[in-house]
There are 2 protein chains.
Amino acid sequence: MLGSNQERQKVRKNTPVRMKDIAQDLGLSTVTISKVLRGHSDIGDETRKRVLKRMEELHYQPNFAARALITGRSWTVGLVVPDLIHPFYAQIAKAISAEIRGQGYSLIITSSEEDPELERQEIEQLLARRVDVLVIASAQWTVESFRRIEEQRTPYILIDRQFAGLPANFVGVDDEAVGLMGTNHLIEQGCRRIAHIRGPQTSTALGRLEGYKRALAAQGVVPRPELILPIGLSGDDCGEPGGYEATRKLLQTTPQPDGIFCYNDPVAMGAMRAILDAGLRIPEDVAVVGCGNLHYSNFLRVALTSIDQQSAEIGKQAALLALSLVNAKETVRPSVKLLSPELIVRASTLRSKAARPQGKTKRTGQSEAKRTARR
Amino acid sequence: MLGSNQERQKVRKNTPVRMKDIAQDLGLSTVTISKVLRGHSDIGDETRKRVLKRMEELHYQPNFAARALITGRSWTVGLVVPDLIHPFYAQIAKAISAEIRGQGYSLIITSSEEDPELERQEIEQLLARRVDVLVIASAQWTVESFRRIEEQRTPYILIDRQFAGLPANFVGVDDEAVGLMGTNHLIEQGCRRIAHIRGPQTSTALGRLEGYKRALAAQGVVPRPELILPIGLSGDDCGEPGGYEATRKLLQTTPQPDGIFCYNDPVAMGAMRAILDAGLRIPEDVAVVGCGNLHYSNFLRVALTSIDQQSAEIGKQAALLALSLVNAKETVRPSVKLLSPELIVRASTLRSKAARPQGKTKRTGQSEAKRTARR
DNA sequence: TGTGTCTAAGTTATCGTTTACTTTATGCGA
DNA sequence: TCGCATAAAGTAAACGATAACTTAGACACA
């Protein structure tokens with residue numbers, strides 16, 4: 001049984017099995033083997049069985065490089081995120097990976113570290129590798145590098161961050177709805193002077209700001225400029241420390257704000273620290289809402305009310321769209337998927353038993369903590 | 001200037017530039033182009049310049065598939081982790097990615113979801129793609145699937161989790177030192193009855209358990225079985241909830257433990273919740289030490305003392321080892337890198353001002369919070 | 001002037017598949 | 001028995017790069 005196999009090994013030592021080897025073993029041509037592998041119909045039943053059997057025996061694995069060379073498809077999806085460590089992007093990566101796995105695709109992940117120039121290089125690398133489709137949460141300020149992708153005819157999908165005037169595939173949460181939801185919740189909880197700590201000049205931050213303004217406008221309130229503070233833009237001081245600093249300033253205004261809608265959870269954590277340091281209570285004196293619903297929000301000094309951004313769903317939708325794009329014969333026109341955010345109410349805004357959350361919201365207990373990873 | 005380029009485009013529409021195109025443009029052979037690209041010395045200065053100029057103009061990008069086919073190298077590193085969302089593995093992925101980027105390598109990341117069978121499939125996929133080297137934080141119980149990798153002659157590196165009796169490349173923290181360090185710290189803080197909530201049957205959990213026992217033994221204390229509790233093994237209840245349950249049981253023993261060394265941070269978070277729920281104080285009644293130093297440990301209800309596992313350093317070392325393996329001519333004998341853990345003292349163990357941390361430890365303020373990611 | 005060395009190229013074969021045709025064998029109806 | 005459709009294979013030529021030789025010319029030196 002192993003006769004011909006042993007022969008092969010005499011000739012080629014420690015080299016992966018090729019179609020040619022199986023073909024010679026069975027007295028067939030490589031084309032026949034190739035056809036069996038891809039399920040062509042013009043192969044006899046018996047031949048097919050013999051080939052499949054031999055493939056199993058020899059642990060045959062097709063050579064992706066050879067296949068990619070001739071078909072022009074690499075069976076690879078490229079993902080570019082600003083920061084792999086951020087749970088939001090990690091979730092997305094995981095969801096994409098899970099979704100495409102079954103279709104024979106693998107995921108090449110790169111991190112741009114929020115650096116537009118590095119991101120451009122990474123995209124070039126992925127294009128050189130001829131990934132079949134790109135998924136990008138971009139840190140760019142301009143649309144220039146997307147033009148390059150279009151030149152190469154590689155389909156791409158933007159996630160999370162959108163670009164005005166760029167008709168591209170997009171999957172992300174509706175950021176204006178996020179801003180509306182967070183601010184409205186504070187209003188419902190009885191907050192009168194609601195501040196906003198806003199993020200950088202990205203579509204996400206701008207959208208949330210817009211939502212914040214609209215929520216106030218709906219109450220007939222004109223947003224006061226001194227209650228809208230930005231956090232720093234440089235890589236390091238824009239999270240918790242940025243929230244801390246901004247909140248310190250906010251607390252110096254008179255009258256003090258009694259609610260803060262924060263651009264994201266780290267900022268909210270900084271805000272809460274500043275509030276507690278100032279000897280104030282959360283949520284009695286100042287209520288705080290974050291965005292992102294990081295899975296440890298439940299275990300903070302004060303459990304943080306936050307707006308969930310559906311990271312897993314973003315990943316899944318992006319993956320499905322990606323698969324449809326690689327299978328499309330013609331270039332299809334860009335599709336935009338806006339997902340609805342979800343409010344998760346916790347202690348940082350729950351001012352009274354009377355004020356129950358309403359509308360599309362969700363109370364939470366320990367259940368979310370379940371998927372806390374182990375090691 | 002663009003004459004020949006336009007000609008080319010007449011013939012080949014929307015196809016990436018090849019060496020052949022540049023060669024024809026310049027009246028050279030493809031081999032010359034190839035040599036220029038790889039910096040061969042047998043190319044004239046002027047020719048080299050002309051070629052490089054044209055490459056720039058045409059945005060030439062070498063075809064990885066073709067290159068991989070003939071060289072047998074894919075310029076790709078495969079990474080398999082149990083859970084991408086876990087910051088520990090995300091950190092490692094990020095560090096590896098950063099380290100190999102400069103050498104022209106890309107990273108294919110897959111998650112096994114702690115499922116040995118899925119992990120095996122992922123490894124097969126990566127082998128089929130002919131990754132040049134594999135980095136694996138394995139969820140296996142047996143060494144079987146590593147044999148498959150060895151058959152294929154693909155070098156591989158285990159990280160984080162080791163396998164007894166398997167002589168393989170390994171990079172990870174010294175888990176016995178982790179156990180020693182955590183337990184010794186509790187002893188120094190004056191704890192007398194120190195419990196341990198242990199993890200599953202992995203090398204990491206067993207090593208930490210061993211360190212815990214040795215630290216007690218060094219004090220002449222015999223570890224009491226009722227103070228060593230395991231957390232559940234199934235995917236979901238092993239983190240925070242597992243720590244909570246285990247701690248509830250521990251608090252029912254008399255006399256109560258006054259210090260708990262926890263397998264990881266989520267478990268420690270569960271432990272702290274149970275302690276607070278029981279109306280006890282941290283650290284006055286019960287001190288708690290975690291492992292992992294998740295970057296939000298600082299913002300918990302009680303800031304958690306934790307043992308840092310050097311995830312970034314593990315990633316970096318693994319990457320360097322990986323690069324050396326792919327460049328090695330012969331198979332080299334396995335190398336094992338054990339990194340030293342680092343104790344980060346926070347409120348959950350700081351019982352008195354008098355009891356200052358000593359030895360290789362580190363007090364911490366806000367500085368760590370710096371890299372909190374934004375979105 | 002012939003030999004040898006060096007430089008700067010070019011030739012040819014090859015990597016492992018797939019694609020687009022061809023060929024061969026078989027059966028069946030007229 | 002011929003012709004023709006159909007089934008089940010096989011042939012040859014790519015795909016884009018690289019490895020291992022080979023060649024052409026310039027130059028030096030005996």
Side-chain angles (χ1 to χ4, degrees), chain A residues 8 11-52 55 58-75 104 127-130 132 152, chain B residues 8 11-52 55 58-76 104 127-130 132 152 329:
Chain A
R8 195 190 72 80
V11 186
R12 294 171 42 91
K13 265 191 177 174
N14 302 324
T15 306
V17 185
R18 304 159 304 168
M19 289 190 170
K20 200 177 179 181
D21 301 315
I22 298 179
Q24 283 172 354
D25 271 16
L26 267 45
L28 296 166
S29 79
T30 60
V31 177
T32 306
I33 316 298
S34 172
K35 284 177 177 170
V36 169
L37 192 68
R38 285 169 302 141
H40 267 224
S41 60
D42 58 350
I43 298 293
D45 238 25
E46 201 188 344
T47 312
R48 181 190 312 280
K49 276 179 199 155
R50 283 173 64 216
V51 171
L52 288 176
M55 280 184 174
L58 299 184
H59 285 299
Y60 171 76
Q61 305 248 262
N63 183 315
F64 273 78
R67 183 179 280 183
L69 181 56
I70 194 135
T71 62
R73 290 176 65 170
S74 61
W75 293 91
L127 288 177
R129 282 183 185 274
R130 307 287 196 278
D132 293 335
Q152 290 251 340
Chain B
R8 196 191 70 80
V11 186
R12 294 171 42 90
K13 265 191 179 175
N14 302 326
T15 307
V17 185
R18 304 158 304 168
M19 289 192 169
K20 200 176 178 182
D21 301 314
I22 297 179
Q24 284 171 352
D25 271 16
L26 268 43
L28 295 167
S29 79
T30 60
V31 177
T32 306
I33 316 298
S34 174
K35 283 177 177 172
V36 168
L37 191 67
R38 286 169 300 143
H40 269 224
S41 61
D42 59 350
I43 297 292
D45 239 25
E46 200 189 345
T47 311
R48 180 190 314 281
K49 276 179 200 155
R50 283 174 64 215
V51 171
L52 289 176
M55 280 183 173
L58 299 183
H59 285 299
Y60 171 75
Q61 305 248 269
N63 184 314
F64 273 78
R67 182 180 278 182
L69 182 56
I70 192 133
T71 61
R73 292 174 64 169
S74 62
W75 294 91
T76 292
L127 289 178
R129 281 183 186 273
R130 308 286 197 277
D132 293 335
Q152 291 250 341
K329 315 245 184 303

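Naming convention: chains lettered A, B, ... in sequence-line order (proteins, then strands); numbering from 1 in each chain.
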Peer 1: Would you tabulate the side-chain donor-acceptor contacts of residues 61-69 of chain B under 3.5 Å, counting partners in other chains and residues two or more places apart, or write 'none'?
Peer 2:
from, atom 1, to, atom 2, distance (Å)
B:N63, OD1, B:A65, N, 2.8
B:N63, OD1, B:A66, N, 3.0

Peer 1: Any heavy-atom pair between the side chains of A:Y60 and A:I33 that's under 4.5 Å?
Peer 2: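 Not in contact.
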
Peer 1: Would you please name every residue forming a side chain to side chain donor-acceptor pair (under 3.5 Å) with A:R48, sequence neighbours left out?
Peer 2: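 Applying side chain to side chain donor-acceptor pair (under 3.5 Å) to A:R48 gives none.
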
Peer 1: How close or far is atom P of D:dA12 from atom NZ of A:K20, stated in whole angstroms?
Peer 2: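 Spelled out: NZ on A:K20 to P on D:dA12 is 14 Å.
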
Peer 1: Measure the distance from CE on B:M55 to C1' on D:dA17 and round it to the nearest whole Å.
Peer 2: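 So the CE-C1' distance, B:M55 to D:dA17, works out to 12 Å.
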
Peer 1: May I have the distance from B:R129 (atom CZ) to C:dT17 (atom C1'), rounded to whole angstrom?
Peer 2: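 Between C1' of C:dT17 and CZ of B:R129: 15 Å.
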
Peer 1: Calculate the interatomic distance between B:R48 atom CZ and C:dA9 atom C1'; express it in whole Å.
Peer 2: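 Computing the B:R48:CZ to C:dA9:C1' distance gives 12 Å.
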
Peer 1: Can you tell me how far P of D:dA17 sits from CZ of A:R130, to the nearest Å?
Peer 2: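 After rounding, the reported distance stands at 7 Å.
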
Peer 1: Closest approach to the side chain of B:N63, judged atom by atom: which nucleotide of D:dG10, D:dA17, C:dA9 is it?
Peer 2: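 Minimum distance to the B:N63 side chain belongs to D:dA17.
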
Peer 1: Check whether any side-chain heavy atom of B:D25 lies under 4.5 Å from a side-chain heavy atom of B:L58, and answer yes or no.
Peer 2: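 A side-chain contact under 4.5 Å exists here.
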
Peer 1: What nucleotide, of D:dT18, D:dG16, C:dG16, holds the atom closest to the side chain of A:R18?
Peer 2: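 Closest nucleotide among those given: C:dG16.
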
Peer 1: Output all residues satisfying side-chain contact (heavy atoms from CB on, under 4.5 Å) with A:I70, sequence neighbours left out; order by chain, then residue number.
Peer 2: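 Counting only residues at least two positions away or on another chain, A:I70 forms no side-chain contact (heavy atoms from CB on, under 4.5 Å).
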
Peer 1: Mind checking side chain to side chain donor-acceptor pair (under 3.5 Å) for B:D45 and listing every partner two or more places apart, or none if nothing turns up?
Peer 2: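 Listed in chain order: nothing, the list is empty.
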
Peer 1: I'd like a list of close polar pairs between nucleotides 22-25 of chain C and the protein, N/O only, cut-off under 3.5 Å.
Peer 2:
none

Peer 1: How would you list, by chain and number, every residue that makes a side-chain contact (heavy atoms from CB on, under 4.5 Å) with B:T76, sequence neighbours excluded?
Peer 2: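 Residues passing side-chain contact (heavy atoms from CB on, under 4.5 Å) with B:T76: A:R129, B:S74, B:I108, B:V131.
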
Peer 1: Look for any protein N or O under 3.5 Å of an N or O in nucleotides 4-7 of chain C and output each such pair with its distance, or none.
Peer 2:
none

Peer 1: Is there side-chain contact between A:P16 and B:R130, with at least one heavy-atom pair below 4.5 Å?
Peer 2: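 Yes, close enough: below the 4.5 Å cut-off.
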
Peer 1: Under 4.0 Å from any atom of DNA chain C, heavy atoms only: list the residues of residues 64-72 of chain B that qualify, in numerical order.
Peer 2: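 Per residue number, the list reads B:L69, B:I70.
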
Peer 1: Among residues at least two apart in sequence or on other chains, which ones pass side-chain contact (heavy atoms from CB on, under 4.5 Å) with A:S34?
Peer 2: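 Once residues adjacent in sequence are excluded, the partners of A:S34 under the side-chain contact (heavy atoms from CB on, under 4.5 Å) criterion are A:M19, A:R38.
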
Peer 1: Return the value, rounded to whole Å, for the distance between atom CD1 of B:I43 and atom C1' of D:dT18.
Peer 2: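 Distance, rounded to whole Å: 13 Å.
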
Peer 1: Rounded off to whole Å, could you give me the CG-to-P distance for the A:D21 and C:dC15 pair?
Peer 2: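 Interatomic distance, CG of A:D21 to P of C:dC15: 11 Å.
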
Peer 1: Do A:D42 and A:K35 have side chains that get closer than 4.5 Å, going by heavy atoms?
Peer 2: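 In short, these two side chains touch, coming nearer than 4.5 Å.
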
Peer 1: With a 3.5 Å distance limit and no angle check, can you tell me whether B:D132 reaches the backbone of B:R73 through a side-chain donor-acceptor pair?
Peer 2: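 Looks like no, no N/O pair under 3.5 Å.
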
Peer 1: Restricting to side-chain contact (heavy atoms from CB on, under 4.5 Å), what partner residues turn up for B:T32, sequence neighbours left out?
Peer 2: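 side-chain contact (heavy atoms from CB on, under 4.5 Å) check on B:T32 returns B:L28, B:S29, B:I43, B:T47.
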
Peer 1: Map B:E46 and A:P62 onto DNA chain C by nearest heavy atom, then report which one ends up closer to the 5' terminus.
Peer 2: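 Between the two, 5'-proximity favours B:E46.
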
Peer 1: Taking all non-hydrogen atoms of both residues into account, name the closest pair between A:L26 and A:R50 and its distance.
Peer 2: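 For A:L26 and A:R50, the tightest heavy-atom pair comes out as O-NH2, 3.0 Å.
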
Peer 1: At less than 4.0 Å, is any side-chain N or O atom of A:Y60 found next to OP1 or OP2 of C:dG16? Yes or no.
Peer 2: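 For C:dG16, OP1/OP2 do not have a side-chain N/O of A:Y60 under 4.0 Å.
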
Peer 1: Apply side chain to side chain donor-acceptor pair (under 3.5 Å) to A:T71 and list each qualifying residue two or more places apart in sequence or on a separate chain.
Peer 2: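 Scan of A:T71 (side chain to side chain donor-acceptor pair (under 3.5 Å), adjacent residues dropped) gives none.
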
Peer 1: Let's see if you get this right: which residues in residues 29-40 of chain A place a heavy atom under 4.0 Å from DNA chain C?
Peer 2: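 The answer is A:V31, A:S34, A:R38.
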
